[in-house]
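Bear in mind that the values here come from a model prediction, so they are computed numbers and not experimental data.
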Amino acid sequence: MKYVPEENYYTKDHEWAYADENLVTIGITEYAQSALGEVVYLDLPDVGQRVVKEESFGVVESVKAMNDLIAPVSGIVIEVNDILLNNLDSLNDDPMNTGWLVKVEIDNEKELLHLLKAADYKKIIDKKKK
């Protein structure tokens, strides 16, 4: 079983979101990083850019594939993990913590209610393993 913190929200596209009031930190899950393999390129939005729920907000490219990053919520990017843009080790080694991607000030906290809880996300990745 991959690391799936109970306090986070998840998407079927394997992004995680941690909410602290109206500030949401977004990253890719450990399962996604493992499935992708070593990440070699990352394109993230700029601070101040708007992201829209269920739309692409960036690109992650690995030795295996290139995938869009899908926003779990809508809002304004207030911080980008700039360390990742020059050194992807944190994303490859610790995607659920130091490998976070962006922090977004969300428009509507009710969007979080439509995301998956940890138990539901665990069921999805367990099915993929079978």
Side-chain angles (χ1 to χ4, degrees):
M1 175 61 67
K2 296 291 182 185
Y3 179 56
V4 182
E6 296 291 326
E7 66 273 16
N8 289 353
Y9 296 94
Y10 299 89
T11 70
K12 292 179 182 174
D13 299 309
H14 308 290
E15 280 89 10
W16 59 266
Y18 172 77
D20 183 9
E21 297 187 14
N22 67 338
L23 181 63
V24 176
T25 304
I26 299 170
I28 64 170
T29 66
E30 197 174 275
Y31 175 84
Q33 191 286 324
S34 177
L36 287 168
E38 183 181 353
V39 174
V40 295
Y41 174 76
L42 187 62
D43 183 33
L44 296 175
D46 295 325
V47 170
Q49 187 174 336
R50 169 168 280 289
V51 297
V52 177
K53 180 178 171 68
E54 299 181 358
E55 292 186 10
S56 175
F57 70 93
V59 173
V60 60
E61 182 177 348
S62 73
V63 294
K64 295 181 181 175
M66 182 182 316
N67 291 75
D68 284 330
L69 297 164
I70 305 299
V73 293
S74 299
I76 302 295
V77 176
I78 62 163
E79 188 174 352
V80 174
N81 190 348
D82 289 331
I83 295 170
L84 292 181
L85 298 176
N86 297 317
N87 183 350
L88 294 168
D89 289 347
S90 293
L91 183 57
N92 287 311
D93 298 337
D94 191 18
M96 301 298 292
N97 293 297
T98 60
W100 62 273
L101 303 174
V102 295
K103 294 184 180 185
V104 173
E105 185 175 85
I106 59 174
D107 296 338
N108 183 350
E109 292 179 28
K110 290 182 180 177
E111 286 184 344
L112 295 167
L113 301 175
H114 300 286
L115 298 175
L116 299 169
K117 299 283 188 182
D120 296 325
Y121 181 68
K122 287 177 188 174
K123 290 177 187 172
I124 289 173
I125 59 176
D126 285 345
K127 283 183 184 176
K128 290 186 175 281
K129 291 178 184 176
K130 293 180 181 178

J.: Through direct or indirect side-chain contacts below 4.5 angstrom among Ile, Leu, Val, Met, Phe, Trp and Tyr, which residues connect to Val59?
T.: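 Result for Val59 is Met66.
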J.: Flag yes if Val80 and Val104 sit in one hydrophobic cluster, no otherwise; membership is Ile, Leu, Val, Met, Phe, Trp, Tyr, and two members link when side-chain heavy atoms are under 4.5 Å apart.
T.: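 Yes, because Val80 and Val104 connect within a single hydrophobic cluster, where side-chain heavy atoms sit under 4.5 Å apart.
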J.: Tell me, do Leu91 and Asn81 make a side-chain contact under 4.5 Å, heavy atoms counted?
T.: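 No, their side chains stay 4.5 Å or more apart.
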J.: Taking side chain to side chain donor-acceptor pair (under 3.5 Å) as the test, write out the residues that go with Asn97, two or more places apart.
T.: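 Expected list: Asp94.
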J.: Any idea which heavy atoms bring Glu111 and Val73 closest together, and the distance?
T.: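 For Glu111 versus Val73, the nearest heavy atoms are OE1-CA, 3.3 Å.
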J.: Under 4.5 Å between side-chain heavy atoms, chaining through other members, with only Ile, Leu, Val, Met, Phe, Trp and Tyr counted: pull out the rest of the cluster around Val52, sorted by chain and number.
T.: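 Noted: Val52 shares its cluster with no other residue.
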J.: Quick one: salt bridge (Lys or Arg N to Asp or Glu O under 4.0 Å) pairs with a partner in residues 14-26, sequence neighbours left out?
T.: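 Every pair satisfying salt bridge (Lys or Arg N to Asp or Glu O under 4.0 Å) with a residue in residues 14-26: there are none.
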J.: Looking only at heavy atoms, which two atoms of Ile78 and Glu105 are closest? And how far apart?
T.: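 That would be CG2-CB, 4.0 Å.
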J.: Of all heavy-atom pairs between Glu30 and Pro95, which one has the smallest distance, and what is that distance?
T.: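 So the minimum-distance heavy-atom pair works out to CA-CG, 3.8 Å.
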J.: Apply side chain to side chain donor-acceptor pair (under 3.5 Å) to Asn8 and list each qualifying residue two or more places apart in sequence or on a separate chain.
T.: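 Residues passing side chain to side chain donor-acceptor pair (under 3.5 Å) with Asn8: none at all.
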J.: Check whether any side-chain heavy atom of Ile28 sits under 4.5 Å from a side-chain heavy atom of Leu36, and report yes or no.
T.: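 The answer is yes, as the side chains (C-beta and beyond) meet within the 4.5 Å cut-off.
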J.: Return each pair, listed once, that meets ring pair (Phe, Tyr, Trp, His ring centres under 6.0 Å) where at least one residue sits in residues 58-80; pairs must be two or more places apart or across chains.
T.: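 Applying ring pair (Phe, Tyr, Trp, His ring centres under 6.0 Å) to every pair that reaches into residues 58-80, excluding sequence neighbours, yields nothing.
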J.: Please identify which of these residues, Trp16, Tyr3, Tyr9, Tyr10, meets the ring-ring contact (aromatic ring centres under 6.0 Å, His included) condition with Tyr121.
T.: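 With Tyr121 as partner, Trp16, Tyr3, Tyr9, Tyr10 yield a single ring-ring contact (aromatic ring centres under 6.0 Å, His included), made by Tyr10.
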J.: Give the minimum heavy-atom separation between Pro72 and Thr11, together with the two atoms involved.
T.: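 In this case the closest contact between Pro72 and Thr11 is CB-CG2, 3.6 Å.
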J.: Please enumerate all residues that pass salt bridge (Lys or Arg N to Asp or Glu O under 4.0 Å) together with Glu6, with sequence neighbours excluded.
T.: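 Only Lys122 meet the salt bridge (Lys or Arg N to Asp or Glu O under 4.0 Å) criterion with Glu6.
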J.: In this structure, which one of Asn67, Leu88, Leu44 forms a side chain to side chain contact (heavy atoms under 4.5 Å, CB included) with Val60?
T.: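 Only one option passes, and that is Asn67.
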J.: Keeping to residues at least two apart or across chains, list the salt bridge (Lys or Arg N to Asp or Glu O under 4.0 Å) pairs with something in residues 46-61.
T.: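 For residues 46-61: Arg50-Asp107.
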J.: Can you list the residues that meet the salt bridge (Lys or Arg N to Asp or Glu O under 4.0 Å) rule with Asp68, with sequence neighbours excluded?
T.: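 In terms of salt bridge (Lys or Arg N to Asp or Glu O under 4.0 Å), with neighbours along the sequence ignored, Asp68 is linked to no residue.
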J.: Does Trp100 share a hydrophobic cluster with Val4, counting links as ILVMFWY side-chain heavy atoms below 4.5 Å and allowing steps through other members?
T.: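 Yes: a chain of side-chain contacts under 4.5 Å links Trp100 to Val4.
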J.: To the nearest 0.5 angstrom, please state how far the CD1 atom of Ile26 sits from the CD1 atom of Ile70.
T.: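 It comes to 11.5 Å.
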J.: In chain order, what residues pass the side chain to side chain donor-acceptor pair (under 3.5 Å) check against Asn22, with sequence neighbours excluded?
T.: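 Here no residue qualifies.
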J.: Considering all heavy atoms of both residues, which atom of Ala17 and which atom of Leu115 are nearest to each other, and what is their separation?
T.: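 Minimum heavy-atom contact is CB-CD1, 4.4 Å.
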J.: With Tyr18, which residues qualify under side chain to side chain donor-acceptor pair (under 3.5 Å), at least two apart?
T.: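 With sequence neighbours excluded, Tyr18 shows a side chain to side chain donor-acceptor pair (under 3.5 Å) to no residue whatsoever.
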J.: Mind checking the CD1-CG spacing from Ile106 to Leu23? Nearest 0.5 Å is all I need.
T.: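 Between atom CD1 of Ile106 and atom CG of Leu23 there are 8.5 Å.
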J.: Does Ile83 belong to the same Ile/Leu/Val/Met/Phe/Trp/Tyr cluster as Met96, with side-chain heavy atoms less than 4.5 Å apart forming each link?
T.: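 Different hydrophobic clusters.
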J.: Find the distance between NZ (Lys12) and CD1 (Ile125) and round it off to the nearest 0.5 Å.
T.: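 Here the rounded value is 14.5 Å.
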J.: Keeping to residues at least two apart or across chains, list the ring pair (Phe, Tyr, Trp, His ring centres under 6.0 Å) pairs with something in residues 26-59.
T.: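 Passing the test, one end in residues 26-59: His14-Tyr31.
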J.: Check each of Thr25, Leu84, Val77 against Leu101 using the side chain to side chain contact (heavy atoms under 4.5 Å, CB included) test, and report the only one that passes.
T.: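 One option only clears the test, and that one is Leu84.
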